[in-house]
Colleague: 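Pasting a structure here, questions to come.
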Amino acid sequence: MDPERMETMAFSRELMERLHYYLVRSNALITVIQLEDCLMLDTPVNAPGICEEYPNWRRRLPSDISELVGQDYMACFLDDVSIIRIADQLRNTLAIGDIVTVEQQ
């Protein structure tokens, strides 16, 4: 990305994945993954003030959820998210265990 060139600042699959990987590595107890972002949909879910023109909160995903998560790129992304969370939990558990061990000696 080059901040001087606006065309390089567009939302991309790589950026979406990196943002989510960053979020799942945070100390948050819950991380929400917006399916619309994963699917690279560019229309807003909720557009305030236009409930007559656009039925807010009634968006339908392009296909059934089982089909969406069954797609290779989505399955790979969700697997990566799970691996990152599990690795971080193990790392935190080991770090806590190391502290307890040192304190006991």
Side-chain angles (χ1 to χ4, degrees):
M1 278 191 270
D2 178 3
E4 299 299 320
R5 296 181 43 227
M6 202 58 164
E7 67 272 10
T8 66
M9 301 295 289
F11 191 67
S12 65
R13 175 156 307 285
E14 180 184 8
L15 178 59
M16 179 278 300
E17 288 179 357
R18 288 177 184 236
L19 284 170
H20 283 91
Y21 296 154
Y22 177 81
L23 290 173
V24 299
R25 294 209 62 204
S26 73
N27 290 330
L29 296 177
I30 298 173
T31 302
V32 176
I33 296 176
Q34 184 85 13
L35 283 177
E36 287 86 350
D37 290 343
C38 296
L39 296 171
M40 305 303 293
L41 300 177
D42 60 358
T43 53
V45 177
N46 182 26
I50 60 167
C51 60
E52 299 300 321
E53 298 87 358
Y54 182 83
N56 289 332
W57 303 107
R58 291 189 221 161
R59 169 180 265 172
R60 301 290 181 249
L61 294 172
S63 56
D64 184 79
I65 190 73
S66 59
E67 292 174 27
L68 294 175
V69 297
Q71 295 179 13
D72 288 342
Y73 73 91
M74 186 69 88
C76 185
F77 168 67
L78 295 173
D79 285 345
D80 289 346
V81 165
S82 294
I83 290 167
I84 291 168
R85 291 295 288 210
I86 291 167
D88 281 352
Q89 289 171 355
L90 287 172
R91 188 176 304 113
N92 291 337
T93 301
L94 291 174
I96 291 169
D98 292 342
I99 292 168
V100 171
T101 303
V102 170
E103 289 176 359
Q104 290 174 347
Q105 292 178 352

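Residue indices begin at 1 and follow the sequence shown.
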Colleague: Who are the ring pair (Phe, Tyr, Trp, His ring centres under 6.0 Å) partners of Y73, not counting sequence neighbours?
Modeller: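 Result, ring pair (Phe, Tyr, Trp, His ring centres under 6.0 Å) vs Y73: none returned.
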Colleague: Indicate if L90 and I83 have the same hydrophobic cluster label, given that clusters are the connected sets of ILVMFWY residues with side-chain heavy-atom separations under 4.5 angstrom.
Modeller: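 Different clusters.
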Colleague: Could you list the residues that satisfy side-chain hydrogen bond (donor to acceptor under 3.5 Å, both in side chains) with D64, not counting sequence neighbours?
Modeller: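 S66.
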Colleague: For a quick test of your reading: what N or O donor-acceptor pairs under 3.5 Å do the side chains of residues 26-33 make, sequence neighbours left out?
Modeller:
residue	atom	partner	partner atom	Å
S26	OG	L23	O	2.7
S26	OG	A28	N	3.3
T31	OG1	R85	NH1	3.3

Colleague: Between D80 and H20, is there a side-chain heavy-atom distance shorter than 4.5 Å?
Modeller: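 A side-chain contact is absent here, since even the closest heavy-atom pair is not under 4.5 Å.
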Colleague: For the residue pair L68 and S63, what are the closest heavy atoms and their distance?
Modeller: CD2-OG, 3.0 Å
Colleague: With sequence neighbours left out, what residues match Y22 under side-chain hydrogen bond (donor to acceptor under 3.5 Å, both in side chains)?
Modeller: none
Colleague: What heavy-atom pair brings D37 and F11 nearest, and what distance separates the two atoms?
Modeller: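 What the structure gives for the nearest pair is O-CE2, 4.1 Å.
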Colleague: Sequence neighbours excluded, which residues qualify as side-chain contact (heavy atoms from CB on, under 4.5 Å) partners of D72?
Modeller: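 side-chain contact (heavy atoms from CB on, under 4.5 Å) list for D72, sorted by chain: empty.
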Colleague: Which is it for L41 and L35 under the side-chain contact (heavy atoms from CB on, under 4.5 Å) test, yes or no, and what are the steps along the way?
Modeller: CA-CA 9 Å; L41 300 177; L35 283 177; over 6 Å; no
Colleague: Determine which pairs satisfy salt bridge (charged side-chain N to carboxylate O under 4.0 Å, His left out) with at least one residue from residues 19-30, sequence neighbours left out, and list them in order.
Modeller: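 For residues 19-30, and leaving out neighbouring residues, the salt bridge (charged side-chain N to carboxylate O under 4.0 Å, His left out) pairs sorted by first residue read R25-D88.
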Colleague: Let me have the donor-acceptor pairs involving side chains of residues 12-19, under 3.5 Å, with sequence neighbours excluded, atom names and distances please.
Modeller:
residue	atom	partner	partner atom	Å
S12	OG	L15	N	3.1
R13	NH1	C38	O	3.0
R13	NH2	C38	O	3.0
E14	OE2	R18	NE	3.1
E14	OE2	R18	NH2	2.9

